[in-house]
Amino acid sequence: MSRERNKIIATLLGAVVIIVVIAVAMFVGMSKSGATENTTSDLLACGDDHALAVDDSGTVYAWGHNAYGELGDVTCDNKSAPVKVEVPGKVVQVAAGNELTFAVCKNGDLYAWGNNESYQMGDGMNISRMEPEKMMEDVIAVAAGDSHALVITEDNALYVFGRNKNGALGIADSECDQKDAQGYACQSTPYKLMDDVVSISAGLDYSMAVTADGTLYGWGHNVDGPVGIAEADSVNDNNEPYQSVPAKVMDGVKKVVCGARYQALALTENGDLYAWGNAQVGSLGTQDVDNKDKLIQTTPLKIMSDVQDMAAGSAHTVVLKTDGTAYTFGVNNYGQIGVKRGDNTYSIGEETIYYQLKPKKLAENVTAIAAGGFMTMYTSTDGVLRTVGCNLYGQLGIGKEDDSISTPHAVYLKK
């Protein structure tokens with residue numbers, strides 16, 4: 001089963017004109033406890049089809065899809081169990097996009113590895129790399145989109161680089177210095193976009209940032225409403241809307257998270273969770289939206305309270321409440337929300353998409369969450385890392401692939 005077919009599923013969730021959904025078997029297993037040497041920190045990241053975790057010493061481990069070297073182990077072979085990534089220095093943050101990985105070290109050095117065909121590493125070249133290479137200094141945070149990236153430096157300036165398709169970088173194509181093989185304008189080196197930025201996230205051709213005063217800004221492709229504004233300032237050649245420069249979305253935000261293309265989420269200082277985007281397959285946890293014809297919420301809508309964190313995959317969402325309970329909702333054809341099916345179905349021709357509209361409890365005593373593609377991962381107070389969902393490329397890290405599971409399984413970084 002190809003990676004391209006897997007991506008088609010994500011793209012077609014909101015397009016009834018094409019009928020593609022892959023049915024996979026769900027295998028149920030029992031989660032197990034881990035010994036002390038197998039514990040992780042709460043630093044996690046999920047890409048489209050690969051995942052990362054950082055242990056208590058600041059060492060990075062990666063597993064899953066590896067066609068462009070996104071696992072950083074100097075091979076292009078998929079790995080169904082964690083492999084150690086040789087990043088110089090103690091890692092304090094990891095980020096993963098489409099076949100691309102970043103790590104920020106305690107000293108501010110930014111390392112990248114994987115796909116660089118659209119200059120998404122920001123080093124001025126379009127050479128993909130199979131092991132970590134230093135890209136920048138004085139970095140405190142990084143976010144990876146599909147083919148672009150965002151970085152916050154120590155002075156809280158926001159820099160962008162990579163592919164500018166549909167305004168993903170928030171700058172004009174004429175400001176970019178390169179084009180990729182598909183002819184899209186790209187910025188090959190970091191371009192300063194904003195000041196006073198404290199939180200960033202990126203999805204498929206769109207981006208979001210929070211400034212120090214709590215203002216949330218969004219820009220990029222807005223065909224499914226993920227930018228969070230009612231009207232964008234531009235349209236592409238297919239008459240799809242996009243926001244070409246950062247636009248204000250809302251106030252009072254401390255963190256933002258972007259899904260691949262269907263939903264985005266904002267967490268306020270008082271623990272309220274807001275969501276917007278395409279609600280057709282449950283990605284927002286509600287279908288009571290302001291555009292009922294397209295089932296799109298065009299502006300932020302409060303969906304939950306008492307929230308401490310959130311994560312978003314291709315079309316599913318994970319929420320961590322202040323009491324340590326994790327909830328999931330959205331598409332579930334691979335068991336990525338931790339149940340076999342879901343409370344609703346959506347038909348595309350003769351195919352059926354299973355999704356969970358009402359938030360469903362995934363686990364208790366959770367300390368950290370992450371989501372990407374069709375998988376979810378989390379750590380608990382027992383120190384164990386667990387994963388659930390799609391495993392076609394070994395991205396669950398459980399030592400096998402070619403199946404998907406709807407019951408969380410333990411992942412062991414060290415053997």
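Here the structure is a predicted model, which is why all the values come from computation and not from measurement.
- Atoms OG and CG, from S305 and N270 in turn, are 7.5 Å apart once rounded to the nearest 0.5 Å.
- Taking CZ of F374 as the start and CG of D48 as the end, the distance is 8.5 Å to the nearest 0.5 Å.
- Neither side chain, T211 nor D196, offers a donor N or O lying under 3.5 Å from an acceptor on the other.
- Look at K294 and D224 and you find no salt bridge, because none of the NZ, NE, NH1 or NH2 atoms lies under 4.0 Å from a carboxylate O.
- Looking at D180 and N126, their side chains never bring a donor and an acceptor atom within 3.5 Å of each other.
- V227 and G218 make their closest contact through CG1-C, 3.5 Å (heavy atoms, listed as atom of the first residue, atom of the second, distance).
- For the residue pair Y119 / Q187, no side-chain donor-acceptor distance below 3.5 Å is found, with atom types taken as modelled.
- Side-chain N/O atoms of N365 and T381 include no donor and acceptor closer than 3.5 Å.
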From CA spacing to verdict: salt bridge (Lys or Arg N to Asp or Glu O under 4.0 Å), D343, K360: CA-CA 10 Å; D343 57 10; K360 183 86 172 178; over 6 Å; no

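- In the model, D290 has a side-chain atom that pairs as donor or acceptor with a side-chain atom of Q297 under 3.5 Å.
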task: Assess whether side chain to side chain contact (heavy atoms under 4.5 Å, CB included) is satisfied between Y274 and M250, documenting all intermediate values.
output: CA-CA 10 Å; Y274 287 78; M250 65 180 290; 3.9 Å; yes

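- Atom CD1 of I200 sits about 11.0 Å away from atom CE of M194, to the nearest 0.5 Å.
- No hydrogens or angles considered: a donor-acceptor pair under 3.5 Å links the side chains of N166 and N236.
- Residue-environment remark: OH (Y184) stays at or below the threshold of 12 foreign heavy atoms within 6.0 Å.
- Contact check on D123 versus R129 returns a salt bridge, with a Lys/Arg side-chain nitrogen under 4.0 Å from an Asp/Glu carboxylate oxygen.
- With 3.5 Å as the limit, one finds no donor-acceptor pair spanning the side chains of N332 and Q356.
- For the pair D146 and K165, the salt-bridge criterion is not met [side-chain N within less than 4.0 Å of a carboxylate O].
- Distance check, rounded to the nearest 0.5 Å: NZ of K106 to CD1 of I140 gives 15.0 Å.
- Side-chain contact of T379 with D42: a donor-acceptor pair under 3.5 Å is present, judged by distance alone.
- With hydrogens and angles ignored, the 3.5 Å screen pairs no side-chain donor or acceptor of E401 with any backbone N or O of S80.
- Judged purely by atom type and a 3.5 angstrom limit, Q263 uses its side chain to pair as donor or acceptor with the backbone of H316.
- With hydrogens and angles left out, the side-chain atoms of T153 and D155 include a donor and acceptor closer than 3.5 Å.
- With hydrogens and angles ignored, the 3.5 Å screen pairs no side-chain donor or acceptor of S118 with any backbone N or O of Q120.
- At a cut-off of 3.5 Å, with distance as the only test, no side-chain donor of S404 or N391 sits close to an acceptor on the other residue.
- The pair K248-D251 counts as a salt bridge, with a side-chain nitrogen and a carboxylate oxygen less than 4.0 angstrom apart.
- No donor-acceptor pair closer than 3.5 Å links the side chain of D109 to the backbone N or O of G89.
- Rounding to the nearest 0.5 angstrom, the gap separating the CG atom in L169 from the CH2 atom in W219 is 9.5 Å.
- Residues D173 and N164 bring a donor and an acceptor atom of their side chains to less than 3.5 Å of each other.
- Panel note: side chain T328, backbone I337; a donor-acceptor pair is recorded below 3.5 Å.
- At a threshold of 4.0 Å, the pair K302-D272 counts as salt-bridged, since one of the basic side-chain nitrogens sits closer than that to a carboxylate oxygen.
- In this structure, the side chain of Q308 does not engage the main chain of L320 through any donor-acceptor pair within 3.5 Å.
- Looking only at distances, no side-chain donor or acceptor of S406 sits under 3.5 Å from a matching main-chain atom of G338.
- Across every non-hydrogen atom of Y217 and V249, the tightest pair is C-CG2, 4.0 Å.
- Between Y393 and H65, the ring planes are perpendicular. Angles over 60° get that label, and only those under 30° would be called parallel.
- In the model, H148 has a side-chain atom that pairs as donor or acceptor with a side-chain atom of S207 under 3.5 Å.
- The line from OH of Y68 to OG of S128 is 6.5 Å long, rounded to the nearest 0.5 Å.
- Between V197 and V210 there is no side-chain heavy-atom pair separated by less than 4.5 Å.
- A donor-acceptor contact shorter than 3.5 Å links the side chain of D55 to the backbone of S57.
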